[in-house]
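Chain identifiers are assigned alphabetically (A, B, ...) following the order of the sequence lines, protein sequences preceding nucleic acid strands; residue numbering begins at 1 within each chain.
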Amino acid sequence: MALPAARARGWAAAVKMAQRRRHAEAPRGSPSRAPPGSRAALYVHWPYCEKRCSYCNFNKYIPRGVEEAAMRSCLVTEAQTLLRLSGVQRVESVFFGGGTPSLASPNTVAAVLEAVDQISHLPADSEVTLEANPTSAPGSRLAAFGAAGVNRLSIGLQSLDDTELQLLGRTHSARDALQTLAEARRLFPGRVSVDLMLGLPAQQVGPWLGQLRTLLGCCDDHLSLYQLTLERGTALFTQVQRGALPAPDPELAAEMYQEGRAMLREVGFRQYEVSNFARNGALSTHNWTYWQCGQYLGVGPGAHGRFVPQGAGGHTREARIQTLEPDNWMKEVMLFGHGTRRRVPLGQLELLEEVLAMGLRTDVGITHQHWQQFEPQLSLWDVFGASQEVKALLAQGLLLLDHRGLRCSWEGLAVLDSLLLTLLPRLQEAWQQRTPSPVQGG
Amino acid sequence: MWAPMGRGRWHGCALTVWATAAAHRGILEPRPMPTRGAAAKSRSQDRLYSSADRKEKIDMSRFSVENIRNFSIIAHVDHGKSTLADRLLELTGTIDKTKNNKQVLDKLQVERERGITVKAQTASLFYNYEGKQYLLNLIDTPGHVDFSYEVSRSLSACQGVLLVVDANEGIQAQTVANFFLAFEAQLSVIPVINKIDLKNADPERVEKQIEKVFDIPTDECIKISAKLGTNVERVLQAVIERIPPPKVHRKNPLKALVFDSTFDQYRGVIANVALFDGVVSKGDKIVSAHTKKIYEVNEVGVLNPNEQPTHKLYAGQVGYLIAGMKDVTEAQIGDTLYLHKQPVEPLPGFKSAKPMVFAGMYPIDQSEYNNLKSAVEKLTINDSSVTVHRDSSLALGAGWRLGFLGLLHMEVFNQRLEQEYNASVILTTPTVPYKAVLSSAKLIKEYREKEITIINPAQFPDKSKVTEYLEPVVLGTIITPDEYTGKIMMLCQARRAVQKNMVYIDQNRVMLKYLFPLNEIVVDFYDSLKSLSSGYASFDYEDAGYQTAELVKMDILLNGNLVEELVTIVHKDKAHSVGKAICERLKDSLPRQLFEIAIQAAIGSKIIARETVKAYRKNVLAKCYGGDITRKMKLLKRQAEGKKKLRKIGNIEVPKDAFIKVLRTQPDK
């Protein structure tokens with residue numbers, strides 16, 4: 001192990017040198033006004049679950065026994081490596097997702113957060129979210145996570161109907177869920193989110209709205225409503241395919257979604273994203289970063305990241321994926337300090353496409369200022385203002401383009417993927433027709 | 001490399017239009033054909049050698065007219081026509097008696113697979129009987145109604161036929177159709193009951209059927225097993241004893257009937273001829289009665305079944321001649337050839353090929369257009385009865401409107417394209433040539449005739465300018481076990497057919513005759529008939545001219561916008577059901593959009609059917625976080641790319657697939 005460690009040290013030193021150089025060239029302003037390149041969100045993936053849920057196609061494993069110490073050390077190492085590589089000065093949010101990260105020990109969470117704060121700065125008020133599964137998170141454990149630095153919980157409640165929970169392969173009951181929710185609220189007041197699924201096989205609108213109403217009686221300030229996506233390779237997909245379960249009815253799902261978000265609006269929730277609702281300003285800053293195309297680092301098996309490897313002298317944002325399988329990932333982290341499996345540089349047009357597709361998921365959409373950060377030459381008006389097809393969408397009341405920027409209407413948000421099929425080609429066209437910028441590097 | 005394949009014209013000689021329903025469906029599946037090219041090549045080389053190197057030419061003058069018999073074999077599909085032909089060829093030493101002689105005359109892959117003979121073959125057999133050498137010309141006729149014109153021409157070169165009937169299945173629809181063709185041509189009919197070796201064979205019952213339906217005494221039937229060779233010798237003797245020699249005169253000037261023609265890329269057109277009068281030899285100057293073009297004969301000979309050159313051909317004989325014709329249209333079936341400056345009265349009955357079924361043909365991908373074009377050209381070089389017109393559809397791109405003699409003809413053409421040229425095509429639902437009798441003087445002047453044929457719905461003249469519309473009709477024969485009669489009659493009624501006759505051909509078999517509008521049977525009639533009779537009913541039809549019909553032009557509208565490629569001519573009584581079916585198919589294949597789509601079928605301003613595709617209410621990915629972005633962007637871009645290829649009707653995006661689903665020949669329901 002001597003050689004890799006020495007190599008890692010040497011590489012880390014080089015990164016530090018580079019940082020020092022850059023500091024000398026461009027002194028930083030105050031942390032809150034830090035340039036986008038120096039900030040990032042951090043995602044940490046805990047790949048293990050107790051049991052496979054019937055609808056889930058995430059990268060997760062049901063282990064016989066987890067060598068948590070090894071896992072912890074690898075998560076810490078990779079976080080350090082990637083933070084150095086990114087040259088990020090300030091981590092504004094951390095999200096422990098999975099898998100079932102509430103199965104990890106609070107020590108692991110603490111170790112990662114400590115490492116983050118050591119390498120870059122993790123301000124005390126940064127959002128630190130943990131995804132929690134009702135059965136694996138009794139009150140005492142939740143408190144321990146709080147002590148480790150977690151300040152926000154996202155509870156995978158999914159349903160308040162035990163039959164549906166069984167269908168989904170969840171290990172908890174509706175009662176467990178409500179109990180966990182109550183404990184969580186006591187420990188993290190104003191900082192608890194719950195997930196509720198809609199559009200399940202055989203699910204009806206009335207009873208589902210009943211669940212939502214019950215939930216509104218006991219939830220905190222954040223809610224996510226997720227329509228079930230039948231993913232290939234899941235047990236649920238196979239059952240529907242075989243005809244053992246009825247296929248979810250898209251009409252009913254659409255109705256649940258419309259009625260559900262109307263109900264939430266009435267009680268003062270802001271739909272700040274397609275599936276996310278908050279009141280009292282309890283938006284998730286971490287997720288907001290994704291939709292605003294901010295930088296994020298992904299740590300852990302199969303985690304995705306998008307950042308400029310400034311620490312290694314890079315100037316182009318890269319989409320990165322870590323090695324999927326936990327054992328292989330750990331081996332790589334131990335050998336190289338990180339388990340990055342794929343790095344794909346994102347071109348300027350690709351980045352703009354993401355800015356468009358992600359930004360429109362939010363209620364504010366893409367403001368002119370936001371767009372300009374990514375593309376100073378070509379304004380939103382330049383791209384979309386003259387297009388007949390876009391005008392038709394505006395006239396239909398699905399889309400708005402005004403002095404604030406480009407965004408979906410209430411109706412438009414529900415059919416965003418259809419709108420994007422007009423908007424993306426339009427952007428590509430405008431990009432090709434723009435006055436050519438000087439050839440890069442020449 | 002492409003080489004000419006066997007004989008070119010399409011003849012469904014062992015009739016089958018319709019093998020089983022399964023085989024029928026099967027032909028739409030593309031099949032690779034690895035060995036085809038090589039086989040074809042070696043065969044064409046054989047042919048070159050056979051004519052160039054053979055020094056000993058047969059002296060045909062020794063066969064006087066009294067020792068010549070010209071005959072055909074006719075049968076329903078699978079009743080054993082080709083097997084019998086093989087045995088006759090073996091018995092006369094025309095081909096070796098080896099185990100490989102499986103249907104020597106069936107050379108095309110389609111023929112072997114479907115158990116049919118698409119391509120006619122002719123063979124001259126030399127046979128000694130009671131001390132005399134006979135020349136027996138087996139003129140293989142196409143048997144299906146698609147080729148009824150060709151059949152009638154081939155039969156006009158014969159004096160008799162062998163009517164082969166399966167001892168187990170008995171008389172079937174095509175047996176009847178064939179018999180009457182022979183009967184009308186006043187030929188001697190020798191009934192041959194085949195497959196007597198089969199366990200369930202009941203030759204006595206079949207004898208009785210033949211007596212009842214054809215009025216032929218039971219003792220005239222020859223019971224054979226072509227497979228085992230049982231009694232086949234008796235068939236040859238019957239040919240000599242019961243079929244008269246041709247009534248012709250060697251001394252008269254040449255009068256030869258063209259009853260088939262093929263194209264050889266090295267030698268040009270090879271015309272198969274039957275000499276009614278006179279003599280023809282190399283160097284003669286001949287004239288086509290149809291085109292009046294003059295040719296010099298390069299080669300004459302007999303077929304055994306490959307070409308074997310002879311010095312001359314004499315009256316009553318059958319063979320081939322090569323005379324520098326460059327295109328099969330120069331040697332049209334039914335044409336009469338005579339010597340230059342010795343004109344004769346042409347043989348009666350000549351007609352140019354008349355397509356009865358039309359279908360659009362498009363490459364699945366436009367980049368395949370040129371390949372498909374050359375494949376179509378190569379296939380039509382041998383088949384002048386396929387008409388080809390360039391056509392283009394906004395939805396399907398550039399293609400052709402092809403005219404065929406009938407459905408079998410169309411299917412076989414399509415199958416050969418797929419098998420021999422590996423070309424995958426979109427074949428649109430077949431249509432028939434309607435006619436309109438014009439009343440508008442202006443239109444009559446424009447078309448320069450009062451009665452016009454409408455092939456493309458876009459040309460359909462408005463009712464106000466028309467005295468009447470006409471549709472082609474056919475006389476259909478159905479033979480079925482009587483337990484299915486009720487269901488079959490319902491089916492025929494639903495197809496606007498009028499019953500003309502119904503007789504029991506034995507205790508439990510019924511023969512029905514119906515007059516059908518051709519349009520009603522071109523799509524799925526045969527499959528329906530087969531499925532409701534558990535496969536036992538057989539069907540055949542013959543051309544029966546035109547009848548007055550209340551035709552209307554039906555438009556298909558999407559949110560009020562006309563879809564040009566879906567305009568259809570339809571009988572008034574069928575407009576609703578056809579319109580509904582098209583609307584439903586469109587509904588199933590149109591993707592949801594951001595607004596509701598009304599799909600309507602309309603006659604003039606009257607809406608007769610409607611379906612609605614609801615607007616998208618929700619179409620957005622539920623979860624889109626850090627790990628989902630790459631996948632989502634990829635998906636969105638792929639969809640956006642696909643959207644560029646959609647055809648827009650109004651503001652509705654219609655995928656090519658939707659047109660294909662509506663336009664293409666529908667598979668079995």
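- Counting heavy-atom pairs closer than 4.5 Å to chain B, the top residue among Glu273(A), His286(A), Glu255(A), Gln258(A) is Glu255(A).
- When heavy atoms are compared at a cutoff of 4.5 Å, Thr422(A) approaches chain B by way of both its backbone and its side chain.
- Proximity to chain B is absent for every atom of Tyr43(A), based on heavy atoms less than 4.5 angstrom apart.
- If you check the side chains of Arg610(B) and Thr612(B), you find a donor sitting under 3.5 Å from an acceptor.
- Proximity to chain B (any heavy atom under 4.5 Å) is shown, for Val415(A), by both the backbone and the side chain.
- Ranking Gln639(B), Gln593(B), Lys637(B), Lys618(B) against chain A, the residue ahead of the rest is Lys618(B), based on heavy-atom pairs under 4.5 Å.
- Of the listed residues (Ala319(A), Ser275(A), Gly199(A)), the one with the most heavy-atom contacts under 4.5 Å to chain B is Ser275(A).
- Considering Lys644(B), Arg592(B), Arg647(B), Lys643(B) in turn, Lys643(B) is the only one that fulfils the salt bridge (charged side-chain N to carboxylate O under 4.0 Å, His left out) rule with Glu653(B).
- Going from atom CG of Leu396(B) over to atom CD of Glu565(B) covers 7.0 Å, rounded to the nearest 0.5 Å.
- Between the side chains of Thr285(A) and Glu127(A), at least one donor-acceptor pair of N or O atoms lies under 3.5 Å.
- Interface residue Asn276(A): only side-chain heavy atoms are found under 4.5 Å from chain B.
- Looking at Leu424(A), only its side chain comes within 4.5 Å of chain B, counting heavy atoms on both sides.
- For a residue to count as touching a neighbouring chain, one of its non-hydrogen atoms must lie under 4.5 Å from one of that chain's; by this rule Gln428(A) touches chain B with the side chain only.
- Taking the six-membered ring where the residue is Trp, the centroids of Tyr272(A) and Phe277(A) are separated by 6.0 Å or more.
- Within the 4.5 angstrom heavy-atom criterion, only backbone atoms of Leu413(A) (N, CA, C, O) approach chain B.
- Counting only N and O atoms by type, the side chains of Glu611(B) and Gln600(B) include no donor and acceptor under 3.5 Å apart.
- Within the 4.5 angstrom heavy-atom criterion, only side-chain atoms of Leu398(A), from C-beta onward, approach chain B.
- No hydrogens or angles considered: a donor-acceptor pair under 3.5 Å links the side chains of Thr340(A) and Gln322(A).
- Side-chain polar atoms of Thr234(A) and Asn57(A) form no donor-acceptor pair below 3.5 angstrom.
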